[in-house]
Amino acid sequence: MVFAESLICRECSRTYELAPAYFCEWCFGPLDVLYDYEAVAESISREKIAKGPPTLWRYADLLPVEASAATDLGAGFTPLVRADRLAEVLGLGEVWVKNDTLNPTNSFKDRPVTVAVTKAIEFGIKTVACASTGNLANAVAAHAARAGLDSYVFVPHDIERSKIVATAALGRVVAVQGNYDDVNRLCVQLTEEYPWGIVNVNLRPYYAEGSKTLAFETAEQLGWELPDHVVVPVASGALLTKIAKGFDELVQVGLVDSAEVRISGAQAEGCSPVATAFEEGSDDVRPQKPDTIAKSLAIGDPADGYYALREVRRSGGAIAAVTEDEIVEAIHLLARTEGILTEPAGGVTVATLAKMARDGRVTDSERVVIYITGHGLKALEVIATDDPVPIPATVDGFRAEFEKEE
Ligand SMILES: *Cc1c(COP(=O)(O)O)cnc(C)c1O
Ligand SMILES: [Zn+2]
């Protein structure tokens, strides 16, 4: 049973039938999926969700596709772990890490993609594509392979090598001269030329819905309570916007009591258009030329930047940006304190949490959840060290090397 009824313009509320479409023909506003929430409320329950699969498909009532036909590699329902050691270092109280590195292709992008590829098949689409900063490419190629669809994934030529290599094994990688914003512009043009489903262009309304499941899981894993404050990495701003929508929907369908979650955003200084607008108190997200090791967040002209800003302000959160050194330090901090190795996007998130703790924008009385969205093995170059010098395979050899440290 699918409870999605139509697409609705985020600006003027005109509705459209469910089709591969992404902007309003009247005002060019972005389209979102609209559900029959009364029907969802009647169908959904905590008990029903608990009996569902250990994947994001346990929340099928709030997704815009037929779950029984899902292209499923097992995305979602990743661990939410209490991070007391990290909290102690940062001078915070209750901190939780949502470890979304443990998805099928090791980033949160498997969530939107499992939904988008399932919808592409419903629409009779034979070829899927995407404009990606790296992780989306991985996820699209994998889910397309799983579904037996053809795929083209477009990436900036200078992303991390491991992301290109892994994706090339799964599908067809097109490396483009230019940055993400150039790649995205090309993909928008290609939607006019080819009958493709480009997951983050003409399938974007369905694609973005997958990210709401991070909010659903957070609530369920906290025993159906909402956190006080969440920190979310921001690239296009879709993830942050949809986490906000997810918390609102839980209240709307009666799964949690009305509660206020402060939503904060994290960016790298080398690509901080949304953080800059926030600091300036402006509504105008001015495009930047990205230059940062956090390549998966390197979107200089974010499609949902304005809406992310709006959600952050509405909820009483903040958006901060951190330096390259802070990102690398934060990767090491999370690894050492919690045993979780993240790519730079996670470093951005942890470093932003640290900065907000220093500035008093997050406090030790709050229950905080941070989203760690990509695995460290995808970007080893930023933490590369010299190879360890081999010791002789003898006890004396070990002592000679390690006892001198004392
Ligand atoms: C894409 C991505 C994000 C941010 O996603 P948006 O929805 O574009 O804001 C965060 N973290 C990682 C690792 C990503 O790949
Ligand atoms: Zn409109």
Side-chain angles (χ1 to χ4, degrees), residues 7-16 21-32 78 98-103 105-113 116 130-140 155 159-160 163 167 180-181 184 199-200 204-205 207-212 214 231-246 263 265-268 271-275 285 290 292-309 311-312 319 327 331 342-350 352 370-379:
L7 295 174
I8 181 166
C9 174
R10 210 180 286 172
E11 291 295 333
C12 75
S13 300
R14 274 191 177 76
T15 57
Y16 295 85
Y22 65 107
F23 64 87
C24 174
E25 285 163 18
W26 283 88
C27 76
F28 300 105
L31 300 181
D32 286 318
T78 55
K98 182 65 169 158
N99 185 1
D100 235 29
T101 71
L102 297 178
N103 272 305
T105 71
N106 302 106
S107 87
F108 99 91
K109 290 295 196 309
D110 290 314
R111 296 176 184 270
V113 169
C130 66
S132 172
T133 55
N135 287 324
L136 182 57
N138 244 201
V140 167
V155 295
I159 63 166
E160 297 94 338
K163 288 181 187 167
T167 306
Y180 173 83
D181 299 290
N184 191 55
V199 302
N200 56 340
R204 190 171 180 86
Y207 160 87
E209 287 292 287
S211 301
K212 291 187 310 192
L214 267 168
V231 183
V232 185
V234 173
S236 74
L239 172 60
L240 187 146
T241 311
K242 291 297 171 170
I243 284 179
K245 186 182 181 198
I263 301 177
Q267 294 206 297
C271 182
S272 52
V274 190
V285 178
T292 172
I293 55 168
K295 293 185 188 294
S296 56
L297 302 182
I299 297 184
D301 188 7
D304 287 297
Y306 165 76
Y307 299 101
L309 198 56
E311 290 302 338
V312 166
I319 309 184
I327 296 168
I331 292 173
T342 177
E343 66 160 279
V348 168
T349 304
V350 171
T352 297
I370 63 172
Y371 294 97
I372 299 301
T373 47
H375 203 290
L377 291 175
K378 293 185 151 210

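In listed order, ligands and their atoms are each counted from 1.
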### Task
To the nearest 10 degrees, calculate the angle at the Zn ion (ligand 2) involving SG of C9 and SG of C27.
100°
## Note on the structure
among protein heavy atoms, the one nearest atom 4 (C) of ligand 1 is A235 CB, 3.7 Å
### Summary
Closest to atom 7 (O) of ligand 1 among protein heavy atoms sits L239 N, 2.8 Å
### Message
When you compare the side chain of S107 with that of N138, does any pair of heavy atoms fall below 4.5 Å?
### Response
no
## Note on the structure
Within 4.0 Å of some non-hydrogen atom of A345, the atoms of ligand 1 are 11 (N), 13 (C)
#### Entry: Residue and atom name of the nearest protein heavy atom (relative to atom 10 (C) of ligand 1), distance in Å to one decimal
L297 CD2, 3.4 Å
### Query
So is Y371 close enough to ligand 1, meaning a heavy atom under 4.0 angstrom away?
no
### Exam field: side chain T342 to backbone G374, donor-acceptor pair closer than 3.5 Å
yes
### Partner of N135 by side-chain hydrogen bond (donor to acceptor under 3.5 Å, both in side chains), out of H375, E343, K295, E160
E343
### Query
Between R111 and T373, do the side chains contain an N or O donor and an N or O acceptor separated by less than 3.5 Å?
no
### Message
How far is atom 11 (N) of ligand 1 from the closest protein heavy atom, and which atom is that?
### Response
T373 OG1, 2.6 Å
### Query
How about K378 and N106: does a side-chain donor come under 3.5 Å of a side-chain acceptor?
no
#### Entry: Side chain proximity check, L214 to L239, heavy atoms < 4.5 angstrom
yes
### S211 side chain reached by I243 side chain, heavy atoms, under 4.5 Å
no
### Task
State, with a plain yes or no, whether a side-chain heavy atom of D32 is found less than 4.5 Å away from one of K242.
yes
#### Entry: For S236, atoms of ligand 1 separated by under 4.0 Å from a heavy atom
6 (P), 7 (O), 8 (O), 9 (O)
### Summary
For atom 14 (C) of ligand 1, the closest protein heavy atom turns out to be K109 NZ, 2.9 Å
### Task
Evaluate the side-chain proximity of R10 to D304: yes if any heavy-atom separation is below 4.5 Å, no if none is.
yes
### Message
For ligand 1, which is the ligand I care about here, please tell me if V234 has any N or O atom under 3.5 Å from one of the ligand's N or O atoms.
### Response
no
## Note on the structure
Near E343 (heavy-atom distance under 4.0 Å), the atoms of ligand 1 are 13 (C)
#### Entry: Mode of S107 contact toward ligand 1 - side chain, backbone, both, neither (heavy atoms, under 4.0 Å)
neither
### Task
Could you tell me the angle subtended at the Zn ion (ligand 2) by SG of C24 and SG of C12, rounded to 10°?
110°
